[in-house]
Amino acid sequence: MTKTIRKAVFPVAGLGTRFLPATKAIPKEMLTVVDRPVIQYIVDEAKEAGIEHFIFVTGRNKQVIEDHFDMAYELEDTLRGRNKTAELELLKSFLPAAGTTSFTRQQAPLGLGHAVWCAREIIGDEPFAVLLPDMIMKSETGCLAQMMEVYRETGGNIIAVEEVDPSVTHQYGIVGVGERRGNAFGITRMVEKPPQGTAPSNYIISGRYILQPEIFDHLSRHEKGAGGEIQLTDAMIRLMGEQSFWATRFDGVTYDTGTKIGFLAANVAYGLARKELSEEFRTVIKGLVG
Ligand code: UTP
């Protein structure tokens, strides 16, 4: 019997330097794709996968994320007074139930591994999910829900992976894949940003994880890795010596909204996918690209 995954961590404490000046005063997770902030897509994906407790690891200047997932009393009162029932319903539809969110601070941006470690007291002794809040993963069934299916079969630790052109593997965390079981592969190796031509495969780690709580033993060493940051991949490599790791090949498209191109592409893809916008938007885009 595998233990149910009830909690998810959203590490939102990064500085978003690749998106300056937009991210000087606004967290990158609050940049909008069509009409909602990026973080809302990620929380919705977690909800769809059955997550019950949403843990945000925040930093300075990130309070607005907390406000987004709270009731906006004055706004709702004004909408009620103006009989704007559709808008009121929309606001209610994504409000997490009372007591199902937690916010903790990463006091300095020491790396993704350190951010996840900051959630250890809230997670306790149970397996949990991590969702990188700048990667929007668009698919019929959400990425985390796809991983949950695999997890129920395999247990252990699960990482979502996807294939890229071999010429760009040096920019990513890469896994080596072995035994196949249904939709999953056993992971034989993991390497962060391998020098060109040395990658064990072209499967990249794409921003969704299901991890066992023993990962915190390794994260608590606070060892610095690539870029002088405490890396989640390094702790996972250590945990691989003790527990099984499986890769789920993500069936969908990923948009890295932490980059300008990924962000623009996400807006086009989600704009075109919205019934009420698609026809007009298509005409606008056709006009723009000639
Ligand atoms: P990134 O490296 O993509 O985000 O980290 P960043 O540091 O915000 O962006 P750039 O490189 O400066 O443009 C992946 C995720 O991990 C979080 C980030 O918020 C992002 O969602 N993160 C990263 C933390 O929460 N804390 C950290 O110390 C580092």
Side-chain angles (χ1 to χ4, degrees), residues 7-33 37-46 54-66 68-69 101-123 128-137 143-144 159-162 164 168 170-174 192-193 204-209 211 215-216 219-236 254-266:
K7 299 179 182 178
V9 178
F10 305 88
V12 291
L15 298 178
T17 54
R18 283 168 296 167
F19 230 121
L20 283 167
T23 48
K24 186 180 170 198
I26 300 169
K28 71 173 171 183
E29 299 80 9
M30 287 303 290
L31 299 176
T32 51
V33 169
V38 170
I39 186 70
Q40 199 181 316
Y41 290 88
I42 317 298
V43 167
D44 285 348
E45 182 192 324
F54 307 86
I55 302 161
F56 298 84
V57 180
T58 71
R60 271 179 286 283
N61 281 339
K62 303 278 181 166
Q63 294 89 330
V64 67
I65 297 176
E66 199 164 342
H68 183 72
F69 291 104
T101 54
S102 295
F103 294 83
T104 187
R105 283 264 183 127
Q106 184 191 25
Q107 289 144 337
L110 301 179
L112 174 61
H114 183 262
V116 172
W117 178 76
C118 288
R120 69 199 178 283
E121 292 292 335
I122 307 173
I123 298 287
F128 61 100
V130 177
L131 295 95
L132 294 197
D134 46 4
M135 307 296 271
I136 300 190
M137 304 186 67
C143 181
L144 188 60
I159 299 176
V161 299
E162 57 196 293
V164 294
V168 296
H170 62 286
Q171 299 170 14
Y172 299 94
I174 306 288
E192 190 62 48
K193 299 190 176 72
I204 63 163
I205 298 176
S206 60
R208 301 289 185 267
Y209 314 78
L211 296 168
I215 193 79
F216 293 124
L219 288 172
S220 64
R221 294 163 179 250
H222 293 189
E223 272 171 26
K224 288 185 182 159
E229 296 196 340
I230 299 167
Q231 298 284 357
L232 183 59
T233 307
D234 292 339
M236 292 194 298
T254 300
Y255 298 95
D256 181 355
T257 64
T259 69
K260 287 165 200 160
I261 288 291
F263 175 77
L264 293 170

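In listed order, ligands and their atoms are each counted from 1.
- The contact shell of ligand 1, taken as protein residues with any non-hydrogen atom closer than 4.0 angstrom, comprises Pro11, Val12, Ala13, Gly14, Leu15, Gly16, Thr17, Arg18, Lys28, Glu29, Gln106, Pro109, Leu110, Gly111, Leu112, Ala115, Pro133, Asp134.
- For Phe69 and Phe56, the ring centers sit closer than 6.0 Å to each other.
- Enclosure of atom CZ in Arg60 is not indicated, since only 12 or fewer non-hydrogen atoms of other residues, nucleotides or ligands lie within 6.0 angstrom.
- When ring centroids are compared, Tyr255 and Phe263 stay outside the 6.0 Å threshold.
- Annotation for Leu20: atom CG counts as buried by contact number, over 12 foreign heavy atoms lying within 6.0 Å.
- Checking side-chain atoms of Tyr209 against main-chain N and O of Leu232 turns up no donor-acceptor pair under 3.5 Å.
- For Glu162, the side-chain contact (heavy atoms from CB on, under 4.5 Å) partners two or more places apart in sequence, or in a different chain, are Met137, Ile204, Ser206, Phe250, Thr254.
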